[in-house]
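In what follows, every heavy atom counts, from backbone to side chain, and hydrogens, waters and symmetry copies are set aside. Not measured: the values here are computed from a predicted model. Just so it is clear: chains get the letters A, B, ... in the order the sequence lines come, proteins before strands, and each one is counted from 1.
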Amino acid sequence: MLDLQFIRDNADCVKTAMVNKGIGDGALVDELLRADEERRSLISATQETQTESNAAAKAIGALMKEGRKDEAQEAIAKSSKLKERLKDLEDTQKQAQERVEALLLEIPNVPHESVPVGRTPEENEIAFEWGTFPSFDFEAIPHWEILDHHSMADFDRGSKVTGAGFPFYTNEGAKLQRALINFFLDEAVAAGYMEIQAPLVVNEDSARGTGQLPDKEDLMYEAQRDGLYMIPTAEVPLTNLHRDEIFAEDALPIRYCGYTPCFRREAGSYGKDVRGLNRLHQFDKVELVHFVRPEDSYDALEQLREHAEQLLQKLELPYRRLLMCTGDMGFTQAKKYDLEVWSAAQKLWLEVSSISNFESFQARRMMIRYRAEGEKKPRIIHTLNGSGLALPRIVAALLENHQQADGSILLPEALQRYFGADRVGATG
RNA sequence: GGAGGGGUGGCGGAGCCUGGUUGAACGCACCGGUCUUGAAAACCGGCAUACCUUUACGGGUAUCGUGGGUUCGAAUCCCACCCCCUCCGCCA
């Protein structure tokens, strides 16, 4: 959420941001400002009455001590009346407060000035492309056929045991998963990230902290009986790790990496482009998270992006980098890149990483702060995260781009020692 | 799952039975100052967070796990929930 004071001072800027993000016409901002004015006047009124009441109670205490019972009784009677008024004021003030908070949660983050204004995915800026498309002297086979051919995954039994979108990985398929996870984690640790193994379910406060709640509850599987949510990404536990904390300045930056399965309901997304590994309810991902000082967050964003791109280059996968336009970047982000790999048989781009700077938007809600050298008041930090990387589509791209005429898949050199062989399906 | 104990400021730790200048003793840590050639010690002072208000200085309100309640007044009494610890049981 945004700083209320910031919205007060920059109402027009926030309205423009909402329009550019395609979230309403900014009328919400005026509504919020009105509600806030009401809230503040109610707070003042309540506090005045409270002051009066506190003073009265103190005076009664003094009278009782001195044994002046009659005077105390008189004061008590007077104070009781005050209390009724206070109760009413407190109730309306609380309502006003809740209203402001609810409205505040509906105001999206303001895009960074470098973000292109646009409404649709077509208006995302293709900022960079790397690698060349493979050329085959045979018909390129889609990854689901390759998986089947080498018995690397079992979708049918996954459907039987759990449901669509929950495949089993088998044989070399399972081993390839493990190889990729280790590769991604080792690369992250070498780049200075601390490895974390996080809980796979989180409570409601955490889901709210990173912005999955309210609004996006359809995204998550829920263990209703216990009030817990299965994580849609490791971003949720890794960022909430420091909820309600105040860092010393020299503790920053903090950089975490974590592997977790991710669970997404993906309600209503059935149809095309969901074949094979394109879109699953459960998938594996290594996530990268940064906690940084505000002045460092845009450098951190580029570092994060650079790290993720390095992984794709080491995997020898042609990819492109998109700078997301205002309309396609989401509610909580200030700036976001997507990395997409080329799927050589499907002949389409698959998103494998999403790298975002949230500035203070998440951290404010989670009250993650730091004390700047020589400053009394703690400041809100900036948070960022990025995938490094999401597995299924990487597997799809590896299989499709690196397939050989003999049906085997030649693995990129960086991955071979993790996989323990130079190719998948060596025996044909 | 059963029985008991406990959650207080950056940390430790009083206060709770017997409600009344207790936002909270005391100690440690930390910051500033005096002293000192320098340091240590000693001494003096400062040292939570959010919000409201004020041009500013300042003033005010709330917060002792969380949320309700009792009361003129709650860290202190009552209820619910969450978390931690010890013992027993069960179990990877």
Side-chain angles (χ1 to χ4, degrees), chain A residues 1-9 32-105 197 199-209 213 223-229 237 240-252 254 360-381:
Chain A
M1 78 190 167
L2 290 174
D3 180 23
L4 191 50
Q5 186 64 50
F6 174 85
I7 300 176
R8 265 188 238 156
D9 297 341
L32 172 67
L33 292 180
R34 273 198 303 277
D36 178 49
E37 230 165 278
E38 196 188 331
R39 174 189 71 105
R40 281 185 292 156
S41 78
L42 280 166
I43 286 176
S44 292
T46 309
Q47 290 188 350
E48 258 172 57
T49 313
Q50 188 67 256
T51 307
E52 232 180 295
S53 167
N54 284 349
K58 234 173 219 178
I60 290 165
L63 288 172
M64 298 287 260
K65 254 190 183 165
E66 292 171 31
R68 293 150 75 181
K69 282 268 169 68
D70 292 348
E71 287 173 66
Q73 280 310 321
E74 217 172 287
I76 287 174
K78 227 160 92 186
S79 195
S80 300
K81 275 182 198 155
L82 202 60
K83 205 193 153 191
E84 282 173 40
R85 185 144 54 94
L86 192 57
K87 185 105 181 156
D88 283 350
L89 275 168
E90 271 175 353
D91 286 348
T92 43
Q93 187 224 309
K94 203 171 162 186
Q95 281 169 23
Q97 179 71 33
E98 278 165 10
R99 190 168 145 69
V100 167
E101 275 165 19
L103 284 167
L104 204 46
L105 288 179
Q197 203 168 76
L200 304 183
V201 291
V202 295
N203 60 29
E204 209 176 294
D205 284 342
S206 296
R208 202 186 316 282
L213 290 179
Q224 269 181 339
R225 188 169 166 184
D226 298 296
L228 299 173
Y229 297 87
N240 276 283
L241 187 59
H242 291 302
R243 176 149 51 84
D244 298 319
E245 292 184 21
I246 301 176
F247 294 108
E249 183 164 11
D250 60 13
L252 301 175
I254 292 172
S360 59
F361 198 82
Q362 286 184 327
R364 182 168 299 103
R365 204 189 293 198
M366 281 185 276
M367 289 297 271
I368 307 179
R369 291 167 292 175
Y370 80 103
R371 213 178 291 279
E373 205 64 47
E375 273 182 43
K376 195 167 153 58
K377 209 173 150 64
R379 289 202 261 165
I380 310 275
I381 62 155

[N] - base-pair partner by Watson-Crick or wobble geometry, distances under 3.5 Å:
N     : result
B:U61 : B:A50
B:A3  : B:U86
B:A39 : none
B:U76 : none

So if I take every side-chain heavy atom of [X] and compare against [options], which nucleotide ends up nearest?
X        : options             : result
A:Lys83  : B:U49, B:C51, B:C72 : B:C72
A:Lys94  : B:G68, B:C51, B:G20 : B:G68
A:Ser79  : B:C72, B:G68, B:C51 : B:C72
A:Gln50  : B:A62, B:G73, B:C52 : B:A62
A:Pro378 : B:G20, B:A50, B:G69 : B:A50
A:Arg371 : B:U21, B:U49, B:C72 : B:U49

Taking the same atom, [atom1], in [N] and in [M], what whole-Å distance lies between them?
N     : M     : atom1 : result
B:U86 : B:C28 : P     : 30 Å
B:C43 : B:G4  : C1'   : 48 Å
B:G15 : B:G9  : P     : 16 Å
B:C16 : B:A25 : P     : 15 Å
B:U54 : B:A74 : P     : 28 Å
B:C85 : B:G13 : P     : 16 Å
B:U63 : B:A75 : C1'   : 11 Å
B:C52 : B:U76 : C1'   : 28 Å

For [X], which contact category applies under a 4.0 Å heavy-atom criterion: base, sugar-phosphate, or nothing?
X       : result
A:Lys78 : nothing
A:Lys69 : nothing
A:Ile43 : sugar-phosphate

- Message: Quick check for you: to the nearest 0.5 Å, what is the distance between A:Glu101 atom CD and A:Leu103 atom CG?
- Response: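 With rounding to 0.5 Å, CD (A:Glu101) is 10.5 Å from CG (A:Leu103).
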Could you give the [atom1]-to-[atom2] distance, from [X] to [N], as a whole number of Å?
X        : N     : atom1 : atom2 : answer
A:Gln47  : B:U53 : CD    : C1'   : 8 Å
A:Asp244 : B:A50 : CG    : P     : 12 Å
A:Glu90  : B:C51 : CD    : C1'   : 15 Å
A:Gln73  : B:U71 : CD    : C1'   : 13 Å
A:Glu101 : B:A50 : CD    : P     : 15 Å
A:Arg85  : B:C72 : CZ    : C1'   : 15 Å
A:Asp205 : B:C81 : CG    : P     : 18 Å
A:Met64  : B:A74 : CE    : C1'   : 15 Å

Examine [N]: is either OP1 or OP2 under 4.0 Å from a nitrogen or oxygen in the side chain of [X]? Give yes or no.
X       : N     : answer
A:Ser44 : B:U53 : no
A:Arg39 : B:C52 : yes
A:Asn54 : B:G73 : no
A:Arg40 : B:U53 : yes

- Begin with the C-alpha distance, continue with both residues' side-chain angles, and end with the deciding distance and a verdict on side chain to side chain contact (heavy atoms under 4.5 Å, CB included) for A:Asn240 and A:Val202. CA-CA 9 Å; A:Asn240 276 283; A:Val202 295; over 6 Å; no
Going by atom types alone, do [X] and [Y] pair a side-chain donor with an acceptor below 3.5 Å?
X        : Y        : answer
A:Asp91  : A:Gln95  : no
A:Ser206 : A:Asn203 : yes
A:Gln93  : A:Gln97  : no

- Item | Carboxylate-amine/guanidinium proximity below 4.0 Å for A:Arg40 and A:Asp36 |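 Result for this pair is yes, salt bridge flagged.
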- When you match A:Gly61 and A:Ser53 each to their closest nucleotide on RNA chain B, which lands nearer the 5' end?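 It is A:Gly61, whose closest nucleotide lies nearer the 5' terminus.
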- Query: Hey, is CD on A:Glu90 packed in by over 12 heavy atoms from elsewhere, all under 6.0 Å?
  - Reply: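 Yes.
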